[in-house]
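The model shown is predicted, which means the values in this text are computed figures rather than measured ones. Numbers for residues simply follow the sequence, beginning at 1. Values below: all heavy atoms of this structure, side chains included; hydrogens, waters and symmetry mates excluded.
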Amino acid sequence: MDQREFRNCLGAFPTGVTVITAIGPRGEPVGNTVSSFNSVSLDPPLILWSLGRHAYSLKAFLSTDLFAVNVLRAGQEELSARFAKALGDKWAGLDYETWETGCPVLPGALAVFECRTAHTYVGGDHVIFVGEVINAVHDAEGKPLVFHRGAYSTIAAPSAE
């Protein structure tokens, strides 16, 4: 299969944008922008996300049982770009909170899921993390940041009928 065509086909599917955060083995905050985030189960509450096997932070995420999924809202493109970088201090000058799990929670996130890793699987060139949701909070009024065909986007408000 042609990889470029495969990527273009995947890009036709709009996704939300998340930043997955955790505390690394030396007590340092780690985070990555991830669009491969899905619900798995309501009972028990499970979600999944994946990270490339070449990612610099993979060892940090594999070394901990806890992580947070920060769902970005429209207007948070800068946070997405900051955490999409492979190296550098992604946390410089960024305030964040810690909640029940101690994982970093980003300011203004549209929704946050605090999770405990239930399973990890190798899936081709990625590692799939399945997390049991311990805590979840959302803003019912906000709009999500969306990624579609290689660019940020938003969704239209529902029409009043």
Side-chain angles (χ1 to χ4, degrees), residues 14-121 123 126-148 151-158:
T15 64
V17 181
T18 68
V19 174
I20 311 296
T21 59
I23 298 297
R26 293 179 297 282
E28 75 285 6
V30 295
N32 279 85
T33 298
V34 170
S35 61
S36 58
F37 166 75
N38 287 340
S39 61
V40 173
S41 169
L42 293 175
D43 186 20
L46 299 173
I47 58 88
L48 69 77
W49 63 281
S50 64
L51 185 62
R53 290 174 57 193
H54 62 278
Y56 181 77
S57 60
L58 179 61
K59 287 182 182 178
F61 282 107
L62 289 172
S63 75
T64 182
D65 291 335
L66 302 170
F67 62 88
V69 179
N70 298 267
V71 178
L72 300 187
R73 70 175 60 239
Q76 290 187 310
E77 292 87 350
E78 187 279 326
L79 272 177
S80 172
R82 175 189 287 239
F83 285 95
K85 296 176 183 173
L87 297 173
D89 187 358
K90 300 175 183 183
W91 299 92
L94 181 64
D95 291 329
Y96 61 88
E97 299 176 9
T98 55
W99 294 353
E100 191 173 326
T101 62
C103 295
V105 173
L106 299 178
L110 181 62
V112 176
F113 300 85
E114 290 189 290
C115 302
R116 176 172 284 109
T117 302
H119 306 283
T120 58
Y121 305 97
H126 279 64
V127 173
I128 301 163
F129 292 79
V130 176
E132 182 171 5
V133 179
I134 299 167
N135 183 33
V137 179
H138 81 289
D139 172 2
E141 301 298 318
K143 291 183 181 177
L145 181 61
V146 176
F147 200 72
H148 180 235
Y152 294 111
S153 185
T154 59
I155 58 172

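Across Ile23 and Thr64, no two heavy atoms sit closer than the pair O-CB, 3.9 Å. When all heavy atoms of Leu51 and Trp49 are compared, the closest pair comes out as CB-CZ3, 3.6 Å. The two residues Ile47 and Cys115 have their closest heavy-atom pair at CG1-SG, 3.8 Å. Summarising the geometry of Pro104 relative to Asn70, their closest heavy-atom pair is O-ND2, 3.7 Å, with the distance given to 0.1 Å. When all heavy atoms of Gly123 and Ile128 are compared, the closest pair comes out as CA-CD1, 4.2 Å. Gly52 and His126 get closest at one heavy-atom pair: N-CD2, 3.3 Å.
The backbone N or O of Gly108 sits less than 3.5 Å from a side-chain atom of Arg73, completing a donor-acceptor pair.
Sorted by first and then second residue, the pairs that involve residues 75-94 and meet salt bridge (Lys or Arg N to Asp or Glu O under 4.0 Å), not counting sequence neighbours, are Glu78-Arg82.
Inter-residue side-chain proximity for Asn135 and Thr101 is flagged as unmet; no heavy-atom pair is nearer than 4.5 Å. At least one side-chain heavy atom of Leu94 sits under 4.5 Å from a side-chain heavy atom of Leu79. The closest side-chain heavy-atom distance from Tyr96 to Val105 is not below 4.5 Å.
Summarising the geometry, atom OG1 belonging to Thr18 is positioned 12.0 Å from atom CG belonging to Leu110; distances are rounded to the nearest 0.5 Å. Between Glu132 atom CD and Phe113 atom CZ the span is 14.0 Å, to the nearest 0.5 Å. Rounding to the nearest 0.5 angstrom, the gap separating the CG atom in Leu48 from the OG1 atom in Thr120 is 12.5 Å. We find the CD1-CZ distance between Ile134 and Arg116 to be 4.0 Å, quoted to the nearest 0.5 Å.
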Run the side-chain contact (heavy atoms from CB on, under 4.5 Å) test on Ile20 and Phe129 for me, step by step, so that the C-alpha distance in whole Å, both residues' side-chain angles and the decisive distance to 0.1 Å come before the verdict.
CA-CA 11 Å; Ile20 311 296; Phe129 292 79; over 6 Å; no
Phe83 and Asn32: CA distance, side-chain angles, deciding distance, side-chain contact (heavy atoms from CB on, under 4.5 Å) verdict:
CA-CA 5 Å; Phe83 285 95; Asn32 279 85; 5.7 Å; no
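Of the residues listed (Phe67, Trp91, Phe61), the one engaging Thr21 in a side-chain contact (heavy atoms from CB on, under 4.5 Å) is Trp91, and it is the only one.
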Donor-acceptor contacts under 3.5 Å from residues 33-46 side chains, at least two apart:
unit_1, atom_1, unit_2, atom_2, d
Thr33, OG1, Ser80, O, 2.5
Thr33, OG1, Ala84, N, 3.2
Ser36, OG, Ser50, N, 3.2
Ser36, OG, Ser50, O, 3.2
Ser36, OG, Ser50, OG, 2.8
Ser41, OG, Asp43, N, 3.2
Ser41, OG, Asp43, O, 3.4
Ser41, OG, Pro44, O, 2.7

